[in-house]
Amino acid sequence: MIYKDFQGMKLSNLGLGCMRLPVADGNDAVVDQAAVEEMVALAMERGVNYYDTAWAYHGGNSELAIGRALAAYPRDKFYLANKFPGYDLGNMGKVQEIFEEQLKKCRVDYFDFYLFHNVCEMNIDAYLDPQYGILDYLLEQKKNGRIRHLGFSCHGSMPVLKRFLEAYGAYMEFCQLQLNYIDWTFQGGKEKVELLEQYRIPVWVMEPLRGGRLARLSKQESAVLQTMAPQRSIPAWAFRFLQRIPNVTVILSGMSNLEQLKDNLATFETEDSLTKEEWDGLLALGGEMTNPKALACTACRYCTSHCPQGLDIPHLLALYNEHRFTGGSFIAPMALSAIPQDRQPGACIGCRSCDRGIPSFLRWRSIQRGSGAYQRRSMAS
């Protein structure tokens with residue numbers, strides 16, 4: 001197992017994410033406990049010492065499942081991460097109640113790592129609102145030894161990340177980002193990593209395989225990689241890409257069965273750094289995977305100065321591209337829900353002022369033709 005240094009500790013480079021545990025009969029809320037314990041046993045045997053769960057995973061049952069599985073091992077043999085569920089604004093006033101319940105569910109007296117969960121456009125105001133006392137409470141638990149290291153995960157845009165860091169960056173010890181060879185450019189991953197480096201905050205990676213998409217390449221996509229290195233497995237390419245980023249410490253993978261775990265363990269047994277040519281080839285492939293579905297936008301922002309409705313067109317285009325590429329993930333609707341109704345795509349009056357002198361933004365009108373389902377799904381989320 002590859003290990004990375006973090007404040008005097010040796011963390012396994014591969015962390016077991018507990019959002020996609022084995023389930024019974026296809027029911028996400030019914031975790032297959034026996035299968036989880038078998039996976040944890042192999043992971044522990046092969047050197048994985050980092051386990052990541054959360055309040056909402058598997059309908060609230062992930063914490064129970066991993067807590068039960070890890071209870072068979074000495075507490076100093078593993079690191080357990082959990083999160084405050086601020087993705088639900090109704091939880092903001094319940095930090096103490098939820099934290100105490102999480103300790104019970106996980107059968108531990110402390111969390112090695114604890115995070116503000118999913119800092120994004122929807123909840124940034126509430127997370128930073130002193131009336132809820134979230135940061136104060138978590139810092140108190142850290143002082144009392146019930147949280148060893150405090151950090152945050154972020155699905156938000158660069159402005160959201162900057163705002164959170166400006167407010168709480170001095171207290172944050174790590175940041176969990178969605179990062180892979182698609183999102184290095186598609187979601188501005190490179191710029192986010194560089195910003196975190198300025199704060200000297202190491203990166204934990206979530207979605208290294210983009211929800212499994214990077215493990216299920218088409219024949220044409222796979223051929224590109226096999227031409228460069230036929231001996232390397234398709235999922236391994238995504239992990240090797242992340243291992244080349246110096247600021248990355250832990251790479252979380254949500255593994256759903258023993259076979260996936262075995263494949264990932266084999267990848268993380270030894271380091272196999274990508275060459276520059278392989279790195280560039282992966283980024284090119286990632287661009288080819290997103291470009292056919294993406295509306296072109298250079299974010300020059302000339303269009304916004306012509307829009308009588310004051311729409312942030314580049315941001316809306318980025319959300320549209322994300323939504324279209326994923327086929328309907330939670331990220332775009334979540335971000336859109338934080339935008340006032342009069343600044344959403346449906347507020348466009350079709351005046352075509354944004355087209356003035358900027359031919360690439362002729363594509364903006366295509367959002368209006370396809371935004372109905374996007375809007376309806378966003379508002380239902």
Side-chain angles (χ1 to χ4, degrees), residues 1-6 10-17 19-20 39 42-43 46-52 153 174-194 196-197 202-290 325:
M1 174 58 58
I2 301 168
Y3 292 94
K4 298 293 183 177
D5 293 323
F6 175 78
K10 296 287 187 181
L11 303 182
S12 56
N13 194 212
L14 173 65
L16 198 157
M19 187 175 72
R20 298 185 177 95
M39 288 177 63
L42 179 61
R46 300 280 291 276
V48 174
N49 61 18
Y50 193 99
Y51 299 82
D52 172 273
S153 66
F174 64 104
C175 174
Q176 198 160 295
L177 287 179
Q178 177 170 312
L179 201 61
N180 48 69
Y181 62 82
I182 285 179
D183 291 321
W184 188 247
T185 52
F186 195 56
Q187 284 199 5
K190 179 177 183 292
E191 291 74 20
K192 292 176 181 178
V193 169
E194 290 172 348
L196 290 166
E197 286 178 341
V203 173
W204 272 224
V205 172
M206 54 186 168
E207 299 294 349
L209 296 175
R210 247 295 181 152
R213 173 65 176 87
L214 302 184
R216 299 187 301 270
L217 301 186
S218 69
K219 289 183 179 180
Q220 294 81 358
E221 293 163 348
S222 297
V224 173
L225 302 185
Q226 290 170 348
T227 299
M228 291 190 288
Q231 77 285 356
R232 188 177 290 139
S233 72
I234 296 302
W237 277 96
F239 294 127
R240 297 305 188 196
F241 175 85
L242 296 166
Q243 288 172 339
R244 199 174 189 269
I245 302 171
N247 207 29
V248 168
T249 300
V250 175
I251 300 171
L252 296 168
S253 181
M255 295 164 273
S256 302
N257 55 58
L258 203 60
E259 289 68 32
Q260 291 176 1
L261 174 60
K262 289 178 179 178
D263 287 345
N264 288 351
L265 286 170
T267 298
F268 283 84
E269 280 182 351
T270 58
E271 298 204 48
D272 178 20
S273 182
L274 298 183
T275 65
K276 184 182 184 303
E277 291 73 19
E278 290 172 336
W279 170 274
D280 292 342
L282 269 185
L283 289 178
L285 177 61
E288 291 172 4
M289 292 168 69
T290 56
F325 174 71

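Here, residue 1 is the first one in the sequence, and each next residue gets the next number. Just so you know, these numbers use all the heavy atoms, side chains as well, and skip hydrogens, waters and symmetry mates.
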List the steps, then state whether side chain to side chain contact (heavy atoms under 4.5 Å, CB included) holds for Leu258 with Leu42. CA-CA 8 Å; Leu258 203 60; Leu42 179 61; 3.9 Å; yes
Any [X] side-chain heavy atom under 4.5 Å of [Y] side chain:
| X | Y | answer |
| --- | --- | --- |
| Pro208 | Ile251 | yes |
| Leu265 | Met1 | yes |
| Asp5 | Lys10 | yes |
| Leu214 | Met289 | yes |
| Met39 | Met255 | yes |
| Leu177 | Val205 | no |
| Ile245 | Val203 | no |
| Tyr50 | Phe6 | no |

Assess whether side chain to side chain contact (heavy atoms under 4.5 Å, CB included) is satisfied between Met19 and Met206, documenting all intermediate values. CA-CA 11 Å; Met19 187 175 72; Met206 54 186 168; over 6 Å; no
side-chain hydrogen bond (donor to acceptor under 3.5 Å, both in side chains) pairs touching residues 242-256, sequence neighbours excluded, are Asn13-Gln243, Arg240-Gln243, Ser253-Asn264
Distance in Å, [X] [atom1] paired with [Y] [atom2], rounded so as to fall on 0.5 Å steps:
| X | Y | atom1 | atom2 | value |
| --- | --- | --- | --- | --- |
| Arg20 | Asn257 | CZ | CG | 13.0 Å |
| Asp280 | Leu285 | CG | CG | 12.5 Å |
| Leu283 | Glu288 | CG | CD | 11.5 Å |
| Leu14 | Ile2 | CG | CD1 | 9.0 Å |
| Trp204 | Leu196 | CH2 | CG | 11.5 Å |
| Thr185 | Gln187 | OG1 | CD | 10.0 Å |

Taking all atoms of both residues into account, what is the closest heavy-atom pair of [X] and [Y], and its distance?
| X | Y | answer |
| --- | --- | --- |
| Gln260 | Gly254 | OE1-O, 4.2 Å |
| Ala236 | Arg232 | CB-CG, 3.7 Å |
| Leu217 | Ser222 | CB-OG, 3.4 Å |
| Ala43 | Leu261 | N-CD2, 4.1 Å |
| Ala238 | Leu209 | CB-CD2, 3.5 Å |
| Trp237 | Leu282 | O-CD1, 3.6 Å |

Between Leu252 and Glu207, does the side chain to side chain contact (heavy atoms under 4.5 Å, CB included) criterion hold? Intermediate values first, please. CA-CA 7 Å; Leu252 296 168; Glu207 299 294 349; over 6 Å; no
Quick one: which residue pairs count as a ring-ring contact (aromatic ring centres under 6.0 Å, His included) with a foot in residues 251-283, not counting sequence neighbours? Trp184-Trp279, Phe239-Phe268, Phe241-Trp279
Go through the structure and list residues passing side-chain contact (heavy atoms from CB on, under 4.5 Å) with Glu194, not counting sequence neighbours. Lys190, Glu197
Carboxylate-amine/guanidinium proximity below 4.0 Å for Arg213 and Glu221: yes
Apply side chain to side chain contact (heavy atoms under 4.5 Å, CB included) to residues Tyr3 and Asn49 and explain how you reach the verdict. CA-CA 10 Å; Tyr3 292 94; Asn49 61 18; 3.8 Å; yes
